[in-house]
Structures are given as structure tokens and as C-alpha cells.
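In what follows, every chain begins at residue 1, and chains take the letters A, B, ... in the order their sequences are listed.
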Number of protein chains: 2
Amino acid sequence: MTTPRPDWAAPEQSAGFLLWRVTLAWQRAMRAALARHELTHVQFVLLASLLWLESRGDPPSQQRLADFVGIDPMMASQVLRKLADRGLLVREVDPADSRARLLRLTPVGRALAAVALTDVEKADAEYFGVLGGDRADFVRSLSALSSFAQR
Amino acid sequence: MTTPRPDWAAPEQSAGFLLWRVTLAWQRAMRAALARHELTHVQFVLLASLLWLESRGDPPSQQRLADFVGIDPMMASQVLRKLADRGLLVREVDPADSRARLLRLTPVGRALAAVALTDVEKADAEYFGVLGGDRADFVRSLSALSSFAQR
DNA sequence: GACAGAAGATATGCGCGCATATTGTATGTA
DNA sequence: TACATACAATATGCGCGCATATCTTCTGTC
């Protein structure tokens, strides 16, 4: 166990490190696509998910949105406050539970989310386009890992 | 463009967001495997890569190691300084270029890298084990993305 | 030899991922 | 009613990813 292992020392030959680097590259692509909207990639995910949730039910709480997106409730709290400061959404106290904050997009926020969505979709399609026909298999593998590796 | 898109609003149905979440889960697995060695996942990658590079040539500079691993030279500089403070490696001025710092593992650092390597390998194999026979295809897809999405 | 440009290292600052602790509120049970 | 427990939100702190600026040193060309 004292001899170096080529398959670990060389990141490009390990699935884990490939995963890591590919994700970083994807995040850079997202950042580039969202830069002109003054949105970070987490801000966008929260806005887009809120758009989706709003369209089919009551306004969600911060907690519910964070669970839905799969990010840390702490992060969600901070990011949502900034988005509220920018006037993209409002955080109002839940009348049924004064601990919770209900989220509601403003018209400005709704419009921004919709426009950013098209840019992100284009960047995403371009990024994964190189996989060609293997894309379905790739996504299936990701799903298998994702369902296995629940937090 | 003002109607929500289910495939984007629901992260688990988008390849990009799947990628993101799976990578976060992998990083958590790495963190757990490395916790008892008091190593972060980036610290480990640097140590293991240094182990590999040392075994087959002259000691690399910080820049060369950062390039090899694929991380930011800035991060590498900070992390390597901490590792040097812990006595796991030494950073000596390159006699051929007084700007560069040459990296050399200490015996303690070499031993720690080797032990941590076994834990990480086990965790990694366990993590990707759920892919079963699809693992090769998955890694091939990752490689395609990786080579395409060079920084 | 003198100069401009490139490269290695560092500092600063912001956003994200996560762990921990604290406060206030909503539940359960006695 | 009183209390313990659980939960939503917040604050703090650390490590990472990255952009920008600065300083020093090397290398090119004249």
C-alpha cells in the first residue's frame, strides 16, 4: 500500500474525478449563459423551480423549495433573501405557520426566469450534444447514481 | 417562453442538474472517507497526484501539479501551504527559476497519502458499484464530455 | 545591456456546500 | 395547562471555485 496507483493519481482515469471535472465545466457553461442576466446558477435554479411550483399549486415555503431543488436550506435562505432584495420575489409569513416564509414570484422575477430559461436550455443542449446517441444511456446512469446517493 | 418547463423545473430530469447533484453526493462520500485522515478531498487529490508524479520524475512545481490535477493554481497555492504547515510536504524554491516552488513529499506525507488512497478507492468503488455493467459506458460518456469541455 | 511581454506566486473578494449552534414557533404527550 | 420534542429560519465559520489585481522573475527582441 505504499506504491502509487496510476488510476488514482491520474484524475482523468477515475470516474469520480471525471465526474467532478465535468460538473465544474458544466457549471462554468451555466455561469456563462446566465452572466448577462446577473444570475448565478443557484439563483437560476431557485427561480426556475419556483416558476414551476407556482404554476401548479400554492406558493411553496423556503424549506419546500430547497427540498425540491435538492440544495441546502441554509443556502436557499441566503440566496432567496438576495433575490427578494432585487425585487424578483416576495417572502411573506405563512398565515398557517408563522415560522415559514411563503415564496411568490413578482412579474419581474417571472419574466426574468422565463428568459433565462431559454438561454440555459440552449447552453445545456450544446454541452451535452457531444454525447450524441449515448446521451440516453448517460442520463440513465446518472439517474441510477442519483437515486442511490440520496443525501 | 412564459410557460414553465417541467424538464427544467424538475432537476432530476435534466442531465445537467443530475450531474451536479451526483457530483455533490460523490464529494460527500469522499469527505466521509477522508475525514478520519483529516484531509479534504482537494488536499487528498494533491497529495495523491504528487505521490504519482514524484514516483516518475523530478519534483513538480505548484503550477505543474495544479495543471495535472485540473484545479485552480490559486487554490493549489493555498492548499499546498497548509499541507506544508502540517509537515506533509516541503515547498522549496526552484534553483532554475526562483519564481517557482518545487514540491516534495515528506515521509509522513507519503505514508498518509498511501493510506488515504486505500480508503478512497474503497469508497469510490462502492459509490460507482451501483452502475453495474453500465459503468464502462458511463465513464466513456464522461470522458467524451471531459475532453470536449476543457477549461 | 535595455526594454516589453509572459509566467509563477500571492492577496482580496464573492458565491456556494456544509457543519454547528441559536432563536422562535408548532406540535405531541402527561 | 405544562412540558418536551420537532421544525423553520438565522448566524457563524471553514473549505472550495473563480475572477481580478499586484509583485517578482524570466524570456524574448531590439
*Asks:* Please list, in numerical order, the residues of residues 32-40 of chain A that have a heavy atom closer than 4.0 Å to any atom of DNA chain D.
*Replies:*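 Nucleic-acid contacts, sorted: none.
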
*Asks:* Could I get the full list of side chain to side chain contact (heavy atoms under 4.5 Å, CB included) partners for B:P60, not counting sequence neighbours?
*Replies:*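 B:P60 satisfies side chain to side chain contact (heavy atoms under 4.5 Å, CB included) with B:L50, B:L53, B:R64 once adjacent residues are dropped.
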
*Asks:* Can you tell me if B:R28 touches the phosphate of C:dC18, counting only side-chain N or O atoms and a distance under 4.0 Å to OP1 or OP2?
*Replies:*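 Looking at the OP1 and OP2 atoms of C:dC18, one of them is under 4.0 Å from a side-chain N or O of B:R28.
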
*Asks:* Once you round it to whole Å, what is the distance between P of D:dG17 and CZ of A:R31?
*Replies:*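 After rounding, the reported distance stands at 11 Å.
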
*Asks:* Which is true for A:Q27 with a 4.0 Å heavy-atom rule: it touches a base, it touches only sugar-phosphate, or it touches nothing?
*Replies:*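 A:Q27: no heavy atom of the nucleic acid under 4.0 Å.
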
*Asks:* Using a strict 4.0 Å threshold on nitrogen-to-oxygen distance, state whether B:R101 and B:E92 make a salt bridge.
*Replies:*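 No salt bridge links B:R101 with B:E92.
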
*Asks:* Polar pairs (N or O, both sides) under 3.5 Å between protein and nucleotides 24-28 of chain C?
*Replies:*
{"unit_1": "C:dT25", "atom_1": "O3'", "unit_2": "A:S98", "atom_2": "OG", "d": "2.8"}
{"unit_1": "C:dT25", "atom_1": "O2", "unit_2": "A:R99", "atom_2": "NH1", "d": "3.2"}
{"unit_1": "C:dA26", "atom_1": "OP1", "unit_2": "A:S98", "atom_2": "N", "d": "3.1"}
{"unit_1": "C:dA26", "atom_1": "OP1", "unit_2": "A:S98", "atom_2": "OG", "d": "2.8"}

*Asks:* Do A:W52 and A:L117 have side chains that approach each other closer than 4.5 Å (heavy atoms only, starting at C-beta)?
*Replies:*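 Side chain of A:W52 against side chain of A:L117, heavy atoms only: no contact under 4.5 Å found.
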
*Asks:* Kindly indicate whether the side chain of B:L46, heavy atoms from C-beta on, has any atom under 4.5 Å from the side chain of B:I71.
*Replies:*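 They are in side-chain contact.
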
*Asks:* Only counting residues at least two apart or in another chain, list the ones meeting side chain to side chain contact (heavy atoms under 4.5 Å, CB included) with A:R31.
*Replies:*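 Partners of A:R31 under the side chain to side chain contact (heavy atoms under 4.5 Å, CB included) test: A:R28.
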
*Asks:* OP1 or OP2 of C:dG8 sitting under 4.0 Å from any side-chain N/O of B:R101?
*Replies:*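 No, outside the criterion.
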
*Asks:* Look at the side chain of B:R91 and decide which nucleotide, out of D:dA8, D:dC18, C:dT10, has an atom nearest to it.
*Replies:*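 Closest nucleotide among those given: C:dT10.
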
*Asks:* Could you state the atom-to-atom distance from CG of B:L65 to P of C:dA9 in whole Å?
*Replies:*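 Rounded to the whole Å, the gap is 10 Å.
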
*Asks:* May I ask you to test the B:L105-B:L47 pair for a side-chain heavy-atom distance under 4.5 Å?
*Replies:*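 Of all side-chain heavy-atom pairs linking B:L47 with B:L105, at least one is under 4.5 Å.
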
*Asks:* Do the non-hydrogen side-chain atoms of B:W20 and A:Q27 ever get within less than 4.5 Å of each other?
*Replies:*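 Touching, per the 4.5 Å side-chain cut-off.
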
*Asks:* Among the candidates D:dA8, C:dT10, D:dC16, find the nucleotide nearest to the side-chain atoms of B:M75.
*Replies:*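 The nucleotide sitting nearest to the side chain is D:dC16.
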
*Asks:* Which residues in residues 76-85 of chain B have a heavy atom closer than 4.0 Å to any atom of DNA chain D?
*Replies:*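 Residues of residues 76-85 of chain B that come under 4.0 Å of DNA chain D are, in numerical order, B:V79, B:K82.
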
*Asks:* Taking salt bridge (Lys or Arg N to Asp or Glu O under 4.0 Å) as the cut-off, I'd like each qualifying pair that reaches into residues 45-59 of chain B, sequence neighbours left out, listed once.
*Replies:*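 Every salt bridge (Lys or Arg N to Asp or Glu O under 4.0 Å) pair that includes a residue of residues 45-59 of chain B, provided the two are not neighbours, is B:E54-B:R110.
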
*Asks:* Side chain of A:V42, heavy atoms from C-beta onward: which of C:dT20, C:dC16, D:dC18 has the nearest atom to it?
*Replies:*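 Nearest listed nucleotide: C:dC16.
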
*Asks:* Rounding to a whole Å, what distance do you find between B:L103:CG and C:dA9:C1'?
*Replies:*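 Taking CG of B:L103 and C1' of C:dA9, I get 12 Å after rounding.
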
*Asks:* Can you tell me the distance, in whole Å, between the CE atom of A:M74 and the C1' atom of C:dC16?
*Replies:*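 After rounding, the gap between these two atoms is 13 Å.
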
*Asks:* Using the rule given for salt bridge (charged side-chain N to carboxylate O under 4.0 Å, His left out), can you reason through A:R99 versus A:D94, listing the C-alpha separation, both sets of side-chain angles and the distance that settles it, and then say yes or no?
*Replies:* CA-CA 7 Å; A:R99 297 173 301 179; A:D94 186 346; over 6 Å; no

*Asks:* Would you say the side chain of A:L80 lies within less than 4.5 Å of the side chain of A:L103, judging by non-hydrogen atoms?
*Replies:*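 A:L103 vs A:L80: side chains touch.
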
*Asks:* Where each residue is assigned the nucleotide of DNA chain C containing its nearest heavy atom, which of A:Q43 and B:A100 is assigned the position nearer the 5′ end?
*Replies:*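 With A:Q43 and B:A100 compared, the 5'-side residue is B:A100.
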
*Asks:* Picking from C:dG17, D:dG17, D:dC16, which would you name as closest to the side chain of B:W20?
*Replies:*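 Ranking C:dG17, D:dG17, D:dC16 by closest atom to the B:W20 side chain puts C:dG17 first.
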
*Asks:* Are B:L34 and B:T40 packed together at the side-chain level, in the sense that at least one heavy-atom pair is separated by less than 4.5 angstrom?
*Replies:*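 Sidechains of B:T40 and B:L34: no contact.
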
*Asks:* CZ of B:R64 versus P of C:dA9: gap in Å, rounded?
*Replies:*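 For the pair B:R64 CZ and C:dA9 P, the rounded distance is 12 Å.
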
*Asks:* Just how far, in rounded Å, is P of D:dG17 from CZ of A:F17?
*Replies:*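 For the pair A:F17 CZ and D:dG17 P, the rounded distance is 11 Å.
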
*Asks:* D:dC16 C1' sits how many Å from B:F44 CZ, rounded?
*Replies:*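 One finds 17 Å between C1' of D:dC16 and CZ of B:F44, rounded.
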
*Asks:* Using whole Å, what does the distance between atom C1' of nucleotide D:dA9 and atom CG of A:D94 come to?
*Replies:*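 The distance from CG of A:D94 to C1' of D:dA9 comes to 13 Å, rounded to the nearest Å.
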
*Asks:* With heavy-atom distances below 4.5 Å as the criterion, would you say the side chains of B:E38 and B:R86 are in contact?
*Replies:*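 SC-SC contact between B:E38 and B:R86 confirmed.
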
